[in-house]
Q: 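Quick one: structure below, then a few questions.
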Amino acid sequence: MSAILQVIGLRKRFGGIVVADDITLGLRPGEVVGLIGPNGAGKTSLFNLITGVIRPDSGTIMMDGVRIDTLRLSERAQMGIARTWQHARSFPSLTLLDNLLLGARDYPGDSLLRTLLQPGISRRMEAEAEQRAMQLLERVRLAHKAHDLASDLSYGQQKLLGMARALMSEGACLLLDEPMAAVEGRTYAIMREVIEQEAHRGQAVCIVEHNVGFIRDLCSRGVFMAAGKVLADGPVDELMKMKDLTALYFGAAA
């Protein structure tokens with residue numbers, strides 16, 4: 001099966017620090033890929049390059065056969081790339097429902113002209129967006145808090161809200177940056193369930209995660225990075241049996 005997202009020869013340097021050194025990577029539909037490696041390997045930087053937070057010095061990023069590395073962050077999101085962040089990000093003074101509506105790919109409230117000229121269509125689109133937001137809050141077990149402020153959530157609930165916001169864009173590629181950091185118990189189980197469901201429905205999922213057990217249980221493939229390079233790509237169990245890679249990982253990872 002062909003890749004939804006393709007990264008080809010990606011390079012990025014900040015002064016003397018190389019965060020991406022000729023990275024080539026493909027993500028296929030229904031695949032859960034674990035991006036692993038020591039701290040400072042360039043994993044989050046790769047996500048930032050893919051989503052447009054930073055621009056590459058050279059290389060190509062393709063989404064469904066369309067080159068996107070020259071597009072703005074918002075345009076890449078429109079193409080179907082969604083992500084979460086290492087640290088839970090939300091609008092604390094807004095409700096959970098409003099947080100999700102802001103993540104919708106084509107929310108009518110963003111266009112004053114459409115609201116004025118096509119009020120009927122706008123109302124229908126708003127109702128559909130709210131329905132989807134409530135469905136996602138139900139999936140992450142937060143529907144009962146839909147009208148609470150995001151600031152009232154626990155850390156684990158903030159992580160789940162971040163996942164729901166990413167899914168609100170209905171993209172085909174989901175990038176998760178340490179979704180299990182400081183997460184356990186019920187929240188861990190919910191997060192895992194949602195990731196499995198998204199892969200089952202055909203999303204390409206890539207996860208940066210230091211929880212090796214989680215990566216082993218969930219990921220069909222692992223990509224090992226260090227010093228901005230991809231050193232190995234294959235089944236996670238095989239990667240973790242390579243002594244040179246485990247020495248790099250367990251010798252430097254937190």
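Both backbone and side-chain heavy atoms feed into the values below; hydrogens, waters and symmetry mates do not.
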Q: Is there a side-chain contact (heavy atoms from CB on, under 4.5 Å) between I61 and R67? Walk through the geometry before answering.
A: CA-CA 6 Å; I61 306 171; R67 187 170 181 177; over 6 Å; no
Q: Under the side-chain contact (heavy atoms from CB on, under 4.5 Å) criterion, do I207 and L35 qualify, and how do the steps go?
A: CA-CA 6 Å; I207 305 173; L35 197 58; over 6 Å; no
Q: If two hydrophobic side chains count as joined below 4.5 Å and joins carry through other members, does L231 share a cluster with V18?
A: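 Result: no, two separate clusters.
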Q: Is it the case that over 12 heavy atoms from other parts of the model lie below 6.0 angstrom from the CG atom of L73?
A: yes
Q: Regarding D177 and R83, does a basic nitrogen lie under 4.0 Å from an acidic carboxylate oxygen?
A: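 Here D177 pairs with R83 in a salt bridge, since their nearest N and O are under 4.0 Å apart.
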Q: Does R13 form a side-chain contact (heavy atoms from CB on, under 4.5 Å) with V19? I'd like the steps, not just the answer.
A: CA-CA 6 Å; R13 175 190 293 271; V19 297; over 6 Å; no
Q: Does the salt bridge (charged side-chain N to carboxylate O under 4.0 Å, His left out) test come out yes or no for E198 and R139, once each step is laid out?
A: CA-CA 11 Å; E198 290 306 303; R139 285 180 63 189; 2.8 Å; yes
Q: Verify, without hydrogens or angle tests, whether S220 (side chain) and V32 (backbone) share a donor-acceptor contact under 3.5 angstrom.
A: yes
Q: Start with the C-alpha gap between F91 and D98, add the side-chain angles, then the distance that decides, and say whether side-chain contact (heavy atoms from CB on, under 4.5 Å) holds.
A: CA-CA 9 Å; F91 296 93; D98 286 338; over 6 Å; no
Q: May I ask whether L71 and M62 are part of the same hydrophobic cluster, defined by side-chain heavy atoms of I, L, V, M, F, W, Y residues being less than 4.5 angstrom apart, directly or through others?
A: no
Q: Between N99 and T95 (side chain of the first, backbone of the second, donor and acceptor by atom type, cut-off under 3.5 Å), is there such a pair?
A: yes
Q: For E31, is there any backbone N or O sitting under 3.5 Å from a side-chain donor or acceptor partner on R221?
A: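 No: the side chain of R221 does not pair with the backbone of E31.
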Q: Hey, could you give me the OH/CG distance between Y155 and L160, rounded to the nearest 0.5 Å?
A: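 That separation rounds to 11.0 Å.
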Q: Does the distance from a Lys or Arg side-chain N to an Asp or Glu carboxylate O, for K12 and D57, drop under 4.0 Å?
A: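 Salt bridge between K12 and D57, a charged N being under 4.0 Å from a carboxylate O: yes.
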Q: Is any side-chain heavy atom of L100 closer than 4.5 Å to one of M134?
A: no
Q: Starting at CG of L102, measure out to CG of L97 and round the result to the nearest 0.5 Å.
A: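 One finds 10.0 Å between CG of L102 and CG of L97.
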Q: Looking only at heavy atoms, which two atoms of P92 and L149 are closest? And how far apart?
A: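 Scanning both residues completely, I find the closest heavy atoms to be O-CB, 3.8 Å.
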Q: Run the salt bridge (charged side-chain N to carboxylate O under 4.0 Å, His left out) test on D22 and K229 for me, step by step, so that the C-alpha distance in whole Å, both residues' side-chain angles and the decisive distance to 0.1 Å come before the verdict.
A: CA-CA 7 Å; D22 196 24; K229 294 182 179 181; over 6 Å; no
Q: Using a strict cut-off of less than 4.0 Å between a Lys/Arg side-chain nitrogen and an Asp/Glu carboxylate oxygen, indicate whether D69 and R55 qualify as a salt bridge.
A: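 Answer for the salt bridge query: no.
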Q: Could you report the tightest heavy-atom contact between G9 and T24, atom names first, then the distance?
A: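 Answer, listing the atom of G9 first, then T24: N-OG1, 3.1 Å.
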Q: Can you find a pair of side-chain heavy atoms, one from K145 and one from L142, that are under 4.5 Å apart?
A: yes
Q: State yes or no: do F47 and I8 share one hydrophobic cluster built from I, L, V, M, F, W and Y residues joined by side-chain heavy-atom distances below 4.5 Å, directly or via other members?
A: no
Q: Which heavy atom of A166 sits nearest a heavy atom of T84, and at what distance?
A: CB-CG2, 4.0 Å
Q: Does atom NE2 of H200 have more than 12 heavy-atom neighbours, drawn from other residues, nucleotides or ligands, at distances under 6.0 Å?
A: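 12 or below, so no.
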Q: Looking only at heavy atoms, which two atoms of L137 and A146 are closest? And how far apart?
A: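 The pair with the smallest heavy-atom distance is CD1-CB, 3.8 Å.
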Q: Where do R132 and E170 come nearest, in terms of heavy atoms and distance?
A: NE-CG, 3.0 Å
Q: Could R72 and E75 be called an ion pair, given the rule that one side-chain N must be under 4.0 Å from one carboxylate O?
A: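 Salt bridge between R72 and E75, a charged N being under 4.0 Å from a carboxylate O: yes.
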Q: Please examine the side chains of P38 and F224, heavy atoms only from C-beta on, and report whether any two atoms are closer than 4.5 Å.
A: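 Yes; the side chains approach each other to less than 4.5 Å.
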Q: Just one of D21, V208, L46 clears the side-chain contact (heavy atoms from CB on, under 4.5 Å) bar with M225, so which one?
A: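 Of the listed options, the one satisfying the test is L46.
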Q: Just verifying a value: how many Å separate R216 CZ and L239 CG, rounded to the nearest 0.5 Å?
A: 10.0 Å
Q: Could you state the interatomic distance from CG (L136) to CD (Q131), rounded to the nearest 0.5 Å?
A: 11.0 Å
Q: Measuring from L175:CG to L27:CG, what's the distance to the nearest 0.5 Å?
A: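 It comes to 7.0 Å.
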Q: Do V223 and V230 come close enough that some side-chain heavy atom pair is under 4.5 Å?
A: yes
Q: Looking at M180, is its backbone amide N or carbonyl O close enough to the side chain of E209 to form a donor-acceptor pair, meaning the two atoms are under 3.5 Å apart?
A: yes
Q: So, do M163 and R165 sit near enough that their side-chain heavy atoms are less than 4.5 Å apart?
A: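 SC-SC contact between M163 and R165 ruled out.
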Q: Could you check whether any side-chain heavy atom of P56 comes within less than 4.5 Å of a side-chain heavy atom of R11, counting everything from C-beta outward?
A: no
Q: Taking all non-hydrogen atoms of both residues, which atom of S2 and which atom of P29 are closest, and how far apart?
A: O-CD, 3.3 Å
Q: When you compare the side chain of Q6 with that of L25, does any pair of heavy atoms fall below 4.5 Å?
A: no
Q: Can you tell me how far apart SG (C206) and CD1 (I4) are? Round to the nearest 0.5 Å.
A: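 Spacing of SG (C206) from CD1 (I4) equals 12.5 Å.
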Q: Run the numbers on T187 and Q157 for side-chain hydrogen bond (donor to acceptor under 3.5 Å, both in side chains), then give the verdict.
A: CA-CA 7 Å; T187 301; Q157 290 171 332; over 6 Å; no
Q: Which residue, I68, L5, D64, forms the side-chain contact (heavy atoms from CB on, under 4.5 Å) with M79?
A: I68
Q: Less than 4.5 Å apart, side chain to side chain, heavy atoms only: is that true for L153 and L96?
A: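 Touching, per the 4.5 Å side-chain cut-off.
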Q: With the threshold set at 4.0 Å, does a side-chain nitrogen-carboxylate oxygen contact exist between K43 and E178?
A: no
Q: Indicate yes or no: does E193 engage R141 in a salt bridge with an N to O separation below 4.0 Å.
A: yes
